[in-house]
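Encoded as structure tokens, the structure appears first; notes follow it.
Naming convention: chains lettered A, B, ... in sequence-line order (proteins, then strands); numbering from 1 in each chain. All values derive from a computational prediction rather than experimental measurement.
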Amino acid sequence: MASSTDSDSALRPESTLMKSFVGVADIKKGYEGVDRDKIARTVYEASKDSLYFNHQQKRDQALTEKCNALIERKRCMEESDTSSQLRHADKVVARLKDNRDLSQSTVHIDCDAFYASVEQNDRPELKDVPFAVGDTVVAACNYIARKTGCRAGMVIAVAKKMCPNLTIVKPNHDRYREVMAKICQLMQKYDPGYEICGTDEAYLNITKYCGEFDVKPWDVVESLRKAIRHETGIAVAAGIAANIQLAKISSTFIKPDGQYQLPSEPDIIMAFVKDLPVRKVTGVGYTLDRQLASIGVATCEDIFSQRQFLRDLFGDRLFEFLLEVYLGCGRTELRATLEQQKKSASIERTFKETSALDIIERNLRTVCEDVETKLKELNRAGQTLTVKVKMNDFESYSKQTKLPRAISSAHDIFQHSLPFVKATLVDKPHQVCRLLGVRLTQLASKDYTLGAAFHRMVQKSKNSDPEYLPWAREKGRSMPAGKRKLGGNVENRELAPRKKTSNFATKSPARNSVATPQSPNEMVRCPICDQNQPPDNVSFNQHLDFCLSLSEIQRYS
DNA sequence: GCGGATCAC
DNA sequence: TATGGTGATCCGC
């Protein structure tokens, strides 16, 4: 194992490290006939002395060890009796077969080299030159560039080495969103419950549409593709199959342009999947592919022949997933994009490496402000905070904490994040920081956060009883000047600016001073503002915090 | 609940 | 001239 780090063996074209440099060029369209060794060598030469290389090497070695452990465990199993595992696997196969639903028509739409296509349409002069869209890292490149080995994920400096006359185009995300919105508009006609996946892919279930208008899936997809082509100039590949996993594979079959329909018959599906490399299946990435390969699973058919080992080696979830892959099972219900609600909001940013605390603090503050902006757009606040710090050596550390209540202001996020960042820096004294990230999860509707409660109260006081606010009642004051605009805004904005109200949310007053109601159906009267409140613990305590802090605001305004 | 990993795009 | 950002999920503890 240790010998795998020897420089000569690592340099061999077949070494796993070199394979990792080839990256997605291994499986993507446009790289047929491209010299993979050349890609690997160029990447290697360009990065061999960097800290990034060391990190990659470390990861590669860890994965190699994991694979060796799998091989060893499989050998142990082979020496013992695996008949019960085999029986179990067959039982699961039978169950999955029984539950298989082949009645639906699902479609996968895949925009060809999306960013590159959009740019090429907007700037015809790019048509005949190799170019890549990206900013330090290639996000997408056209087919001319792919021929030279340029690929997504490659550092632009390296891509230029592979392709000296490569033109670089800065990404224009607003424009891509605009084009995608147009495409969505067209898809809506066939399935309003369509599901967007990333920036350039989508799934549809057109079963209902086909039934209603008595049309064939093939024809529906043909007109959809034509419409997209006509309206946006983008070529799309489409796969039609019984579920979205199969539809996706089908579309990559026909890429970059065209459509492919996989008949919904068990035998045909199984034959279609049989020789497919598992790496082509969504959900099987680089690492899982290597682990599977180490125990003799390269194609979907191999999953079946090794089925008695998979549960012990990979766990229940993965075991069942793999059997589904073998059978060609998949999802047919879509998660409608229009109704989907986000589960997290995060920002992470790489910057010029530094160990200066003041700069790091400034960067953290910026990150927190951007998270605040994002939460505002979602009208959400998050109760679980995750802070991430990546060091110079590309090792990253994260800390997750569940907060006593949901937060959303940059100030609050910053206050909670800073201690962890500081602790990490102290922990790794010789290291330099290169990235900071902040994520909020457990997103709660902003209706139950302080800012929104404030907003509602202001609305109420404006619309009905001007004497409603406690401080107004007591002292006859109007709204603090800085907050006045809140009342008139359409969107639920959070309290801003921060300065005057800094202890509004940070210093949280005693939260457990009042007994909470027992009966779930009764409203409960707040002892401070005298208004009825919803009876559940969480929102009641939040309301209480809020009312208590109003007196603070009053003091400072 | 927490931390690390993986995966997709 | 030098390795991204966002969101989701899973595993093991």
Side-chain angles (χ1 to χ4, degrees), chain A residues 20-21 23-24 27-28 42-56 59 62-63 66 108 110-111 113-115 133-140 151-161 168 171 173 176 180 196-202 245 248 252 279-291 313-321 335 340-353 367 370-371 374 378 382-390 392-403 420 424 434-443:
Chain A
S20 76
F21 292 149
V24 290
I27 52 164
K28 271 218 153 180
T42 310
V43 175
Y44 170 79
E45 282 303 323
S47 60
K48 61 182 175 184
D49 297 322
S50 66
L51 291 168
Y52 177 74
F53 180 87
N54 293 342
H55 182 248
Q56 287 302 101
R59 284 190 51 181
L63 182 55
K66 202 170 172 185
H108 179 244
D110 192 327
C111 302
F114 186 52
Y115 294 178
V133 182
D135 199 12
T136 74
V137 167
V138 175
R151 65 160 170 86
M154 205 174 243
V155 179
I156 285 180
V158 176
K160 275 190 163 161
K161 270 191 183 155
I168 305 299
H173 293 285
Y176 310 143
M180 193 56 192
I196 297 228
C197 182
T199 47
D200 64 339
E201 292 181 28
Q245 273 83 0
K248 169 138 184 155
T252 62
R279 180 68 176 93
K280 303 246 182 188
V281 176
T282 312
V284 181
Y286 176 80
T287 47
L288 182 55
D289 181 46
R290 268 195 57 192
Q291 292 175 57
L313 296 181
F314 295 106
D316 259 322
R317 278 314 261 258
L318 214 42
F319 167 68
E320 195 148 324
F321 167 74
R335 290 184 276 242
Q340 256 187 83
Q341 46 177 341
K342 290 231 159 88
K343 295 180 175 165
S344 73
S346 69
I347 295 285
E348 53 188 62
R349 202 147 291 156
T350 300
F351 42 83
K352 191 169 145 57
E353 56 191 46
V367 166
D370 291 348
V371 172
K374 200 168 269 195
L378 296 170
Q383 202 175 354
T384 299
L385 173 72
T386 308
V387 183
K388 175 174 165 185
V389 176
K390 196 197 278 184
N392 208 14
D393 62 356
F394 291 88
E395 212 62 54
S396 58
Y397 308 88
S398 70
K399 177 151 191 71
Q400 182 185 341
T401 37
K402 181 160 178 155
L403 306 170
F420 171 65
T424 308
R434 77 181 332 267
L435 171 144
L436 289 173
V438 170
R439 170 163 75 246
L440 278 167
T441 45
Q442 304 253 284
L443 299 189

State, yes or no, whether a side-chain contact exists between Leu63(A) and Arg290(A) at a heavy-atom distance under 4.5 Å.
yes
What's Asp200(A) touching, base or sugar-phosphate or nothing? Going by heavy atoms closer than 4.0 Å.
sugar-phosphate
May I ask you to say what Val281(A) touches in the nucleic acid, namely base, sugar-phosphate or nothing, with a heavy-atom cut-off under 4.0 Å?
sugar-phosphate
Does Thr287(A) make a side-chain N or O approach to OP1 or OP2 of dC7(B) shorter than 4.0 Å?
yes
What is the nucleic acid contact for Leu435(A), judged by heavy atoms within less than 4.0 Å: base, sugar-phosphate only, or nothing?
sugar-phosphate
Hey, does Ala345(A) reach any base, or is it just sugar-phosphate, or nothing, if we go heavy atoms under 4.0 Å?
sugar-phosphate
Map Lys390(A) and Gln341(A) onto DNA chain C by nearest heavy atom, then report which one ends up closer to the 5' terminus.
Lys390(A)
Leading and trailing nucleotides of DNA chain C with any atom under 4.0 Å from heavy atoms of chain A:
dA2(C) to dC11(C)
Please classify the nucleic acid contact of Gln56(A) as base, sugar-phosphate, or nothing, using heavy-atom distances under 4.0 Å.
nothing
Candidate list Ile168(A), Asp135(A), Thr136(A), test side chain to side chain contact (heavy atoms under 4.5 Å, CB included), partner Ile156(A), passing option:
Ile168(A)
Phosphate oxygens OP1/OP2 of dA8(B): is one of them under 4.0 Å from a side-chain N or O of Thr282(A)?
no
Ring-plane angle category for Phe394(A) and Tyr52(A), please: parallel below 30°, perpendicular beyond 60°, tilted otherwise.
perpendicular
Heavy atoms under 4.0 Å, any strand shown: does Val158(A) hit a base, just sugar-phosphate, or nothing?
nothing
What does Lys399(A) touch in the nucleic acid at a heavy-atom separation under 4.0 angstrom: a base, only the sugar-phosphate, or nothing?
sugar-phosphate
What's the gap between dG4(C) and dC7(B) when it is taken at their C1' atoms, as a whole Å value?
15 Å
Quick one: on DNA chain C, does Arg335(A) or Ser47(A) contact a more 5' nucleotide (nearest heavy atom)?
Ser47(A)
Base, sugar-phosphate or nothing for Arg434(A)? Non-hydrogen atoms, less than 4.0 Å.
sugar-phosphate
Side chain proximity check, His55(A) to Asp393(A), heavy atoms < 4.5 angstrom
no
For Lys374(A), answer base if it contacts any base atom (sugar-phosphate contacts may also be present), sugar-phosphate if it contacts only those atoms, and nothing otherwise; contact means non-hydrogen atoms under 4.0 Å.
sugar-phosphate
Closest-nucleotide mapping onto DNA chain B: is Arg439(A) or Thr401(A) further toward the 5' terminus? I mean the 5' end.
Thr401(A)
